[in-house]
Amino acid sequence: MRAYIEDIARHEGQEVTIHGWLHNRRSSGKIHFLIVRDGTGFIQAVMSKAAVGDEAFARADHLSQESSLSVTGIVRADARAKGGYEIDVARLEVHSEAHDYPITPKEHGPDYLLDRRHLWIRSERQTAILRVRHEVIDAVRDFFNSRGFILCDAPIFTPAACEGTTTLFPVPYFEDHTAFLTQSGQLYNEANAMALGKVYCFGPTFRAEKSKTRRHLTEFWMVEPEMAYADLDDVIALAEGLIASVVARVLDTRKTELEILERDASTLERITPPFPRLTYDEAAALLKEKGLPFQYGTDLGGTDETVLSEQFDKPVCITHYPASVKAFYMKPDPRQPDKALCVDVLAPEGYGEIIGGGQRLDDLDLLLQRIKEHDLPQEAFEWYLDLRRYGSVPHGGFGMGIERCVSWICKLEHVRETIPYPRMLYRLYP
RNA sequence: UCCUCGGUAGCUCAAUGGCAGAGCAUCCGGCUGUUAACCGGAGGGUUGCUGGUUCGAGUCCAGCCCGAGGAGCCA
């Protein structure tokens, strides 16, 4: 009977066949220990010379790492085994031998591994991370779907910058046209919210900044919800609910993976709403108190975010940034018009911003003024201005970077491990 | 674009300006409970590239290439 390693406990005492690959092999003369992986997990297959005969035993002695094979044998509980179970091999069938597999069971540098990312993802640690990524994405979708949000994706090819400031990737678009890869579905999301009420988009996002840090990818995945008839408090409550829900799901279904990653689950168990909130002014005062060289009126830097997030054991919401450091579409606070009704959520343990959003500017005249102030071409935004011409309402939303979120939940050193094929400043292969 | 660090065997790394080394991987041999198994043996080198200093350069100097971390930048 065919079985998967993740279900092996259900097959104790039965004879099963595992189809997979040889992860590692140890031998002790008349007994081989084959570590087999099948994509769902790892298990040790024990092969004794007495059980399989001299010929089969000798063949297994030369089996190389990552050769594809099927092992058949009885599942046995064993306290010495990592997952609690082993297979006593009765038959072993080799499908394809691998020669000189480049990723050996010893240390490798990041450059070497990234050049072989297509093979690196076979490792136990990388499969654990990619499983957590899958769970995070699934939890995000369930969260919005169960709350009446409609998935309504924004285009990847866009005609111009959503904002004038950031660097975009240009792509030729038939004769004489240049399209740009999206850096946000935000503006389209606003139009979709006016059509469908509560929407979200979820897709790849492209940033051509020459950022070279552990928090940056040039291609990453972002989920962006947007709600009509919503204010800043609604946006913050939604962000809290999303993060708490995603963390709870990973704790519920991916305990094994968190153990493989040596991630302390107790720090994640504290992630329940409400999250602490600080205004920009309060954050600035706190940074000054801590003796950081922070200049009031500027955006928070990487170090500032790290120090702030380390003050709390939950994600922290920073609101009311100066309007001047935020995007043109942010609504100013009526009580203090130099501040924006915006929120950034900083992940704990120094992981920095994972969510950015806020309430959108819904007044036509003020929006026109902001477009002028930011030196943006008004004609490119006529469709966006129509949303204010035809039944404008208070609305808002946010964007959450999936890789930064996974990186925090898994407590990784670098976001490059959270996506199957990372795209970075100097890396486009494989 | 700037700052810092790095590039030596397939991999991870040693080597005061004086014979190019170790562990792992590979190959051969040994071992019936190994957990990155262990023990014995063998093969494996254009020291990133170009030039310079020197009796002598992996090592010092200059330029370049590549990478890492950070800064700037970045919803």
Side-chain angles (χ1 to χ4, degrees), chain A residues 23-35 42-52 57 61-62 64-66 76 78-83 86 88 98-116 123-125 161-163 165-168 182-187 189 205-218 220 222-224 226 235 239 298-303 305-306 318 321 325-330 340 342-345 352-360 396-401 404 413-414 416 424-427:
Chain A
H23 180 67
N24 198 6
R25 177 174 50 81
R26 289 179 283 268
S27 179
S28 187
K30 296 189 180 64
I31 184 166
H32 293 317
F33 300 98
L34 309 174
I35 311 298
F42 294 75
I43 195 164
Q44 178 160 278
V46 183
M47 191 182 198
S48 73
K49 201 173 197 171
V52 299
F57 191 82
D61 201 22
H62 291 270
S64 51
Q65 201 188 344
E66 287 305 316
R76 175 175 45 76
D78 193 311
R80 293 168 293 191
K82 251 184 185 170
E86 292 184 338
D88 286 322
H99 298 291
D100 299 320
Y101 186 69
I103 302 178
T104 60
K106 283 282 174 178
E107 293 166 21
H108 301 282
D111 186 41
Y112 183 86
L113 290 169
L114 286 165
D115 278 341
R116 293 157 184 81
S123 75
E124 186 176 37
R125 186 181 159 79
C162 292
E163 301 162 45
T165 54
T166 47
T167 321
L168 301 170
T182 181
Q183 60 172 339
S184 166
Q186 152 86 48
L187 304 188
N189 247 356
T205 306
F206 306 89
R207 303 274 168 95
E209 292 107 22
K210 294 194 170 178
S211 297
K212 209 175 135 32
T213 82
R214 67 185 69 205
R215 299 182 303 279
H216 285 90
L217 297 170
T218 55
F220 62 98
M222 186 156 68
V223 60
E224 295 172 276
E226 190 75 24
V235 171
T298 62
D299 206 351
L300 299 174
T303 315
E305 287 188 356
T306 301
I318 314 286
Y321 282 67
V325 304
K326 286 291 174 182
F328 74 94
Y329 51 70
M330 291 290 188
C342 64
V343 57
D344 280 3
V345 182
E353 184 185 345
I354 53 171
I355 280 180
Q359 197 174 334
R360 320 304 186 187
F398 61 82
M400 182 173 84
R404 285 187 181 180
E413 288 295 312
H414 200 300
R416 64 191 166 202
M424 294 179 292
L425 182 50
Y426 298 117
R427 185 165 295 280

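Here is how names work: the chains are called A, B, and so on, in the same order as the sequence lines, proteins then strands, and each is numbered from 1.
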Just the rounded figure in Å: distance from P of B:C74 to NZ of A:Lys326.
11 Å
Taking the P atom of each, how far is B:A57 from B:U47, in whole Å?
12 Å
Taking CE from A:Met47 and C1' from B:U34, how many angstroms apart are they, rounded to a whole number?
16 Å
Give me the distance, rounded to whole Å, that separates B:G23 from B:C5 when you measure between the C1' atoms they each carry.
24 Å
Could you check whether A:Thr213 gets within reach of a base, just the sugar-phosphate, or nothing at all, counting any heavy atom under 4.0 Å?
sugar-phosphate
When the distance from CE of A:Met424 to P of B:C66 is rounded to whole Å, what number comes out?
16 Å
For the pair made of CG in A:Asp88 and C1' in B:U34, what is the distance, rounded to whole Å?
14 Å
Select base, sugar-phosphate, or nothing to describe what A:Gly109 touches, counting heavy atoms under 4.0 Å on all strands.
sugar-phosphate
Could you check whether A:Arg76 gets within reach of a base, just the sugar-phosphate, or nothing at all, counting any heavy atom under 4.0 Å?
base
Spell out protein contact along nucleotides 21-28 of chain B as letters: B when the base is contacted, S when just the sugar-phosphate is, - when no protein heavy atom is under 4.0 Å; keep the 5' to 3' order.
---SS--S
Got a salt bridge between A:Lys326 and A:Asp344, using NZ or NE/NH1/NH2 to carboxylate O under 4.0 Å?
yes
Separation of the P atoms in B:C11 and B:A25, to the nearest angstrom
15 Å
Heavy atoms only, 4.0 Å cut-off, all strands: where does A:His414 land among base, sugar-phosphate and nothing?
sugar-phosphate
Where the side chain of A:Phe33 is concerned, which of B:G33, B:U32, B:A68 is the nearest nucleotide?
B:G33
Sugar-phosphate, base or nothing in reach of A:Tyr112, heavy atoms under 4.0 Å
sugar-phosphate
So A:Met330, base contact, sugar-phosphate only, or nothing? Heavy-atom distance under 4.0 Å.
nothing
Measure from the side chain of A:His108, starting at C-beta and using heavy atoms only, and say which of B:C11, B:G67, B:U32 lies closest.
B:C11
Categorize A:Lys212 for me: base, sugar-phosphate, or nothing, with a 4.0 angstrom heavy-atom threshold over every strand shown.
base
What contact category does A:His216 fall into here, base, sugar-phosphate, or nothing, at under 4.0 angstrom with non-hydrogen atoms?
base
Mind checking the C1' distance from B:G6 to B:G43? Whole angstroms is fine.
30 Å
Taking for A:Asn24 and for A:Arg215 the nucleotide of RNA chain B with the nearest heavy atom, the one nearer the 5' end belongs to A:Asn24
B:C65 and B:G41: how far apart are their P atoms, nearest whole angstrom?
46 Å
Comparing nearest nucleotides in RNA chain B, the 5'-proximal residue of the pair A:Glu86, A:Arg26 is A:Glu86
In whole Å, measure the gap between the C1' atoms of B:A15 and B:U59 for me.
9 Å
In whole Å, what separates the C1' atom of B:C39 from that of B:C24?
15 Å
Among B:C74, B:A68, B:G72, which is the nearest nucleotide to the side chain of A:Lys210?
B:G72
Checking base pairs now: Watson-Crick or wobble, both atom distances under 3.5 Å. What partners B:C74?
none
Write down the distance separating the C1' atoms in B:C64 and B:C27, rounded off to the nearest Å.
40 Å
Within this structure, what is the CD1-to-P distance between A:Ile43 and B:U34, rounded to whole angstrom?
18 Å
Classify the nucleic acid contact of A:Tyr426 as base, sugar-phosphate or nothing, counting any heavy atom under 4.0 Å across all strands shown.
sugar-phosphate
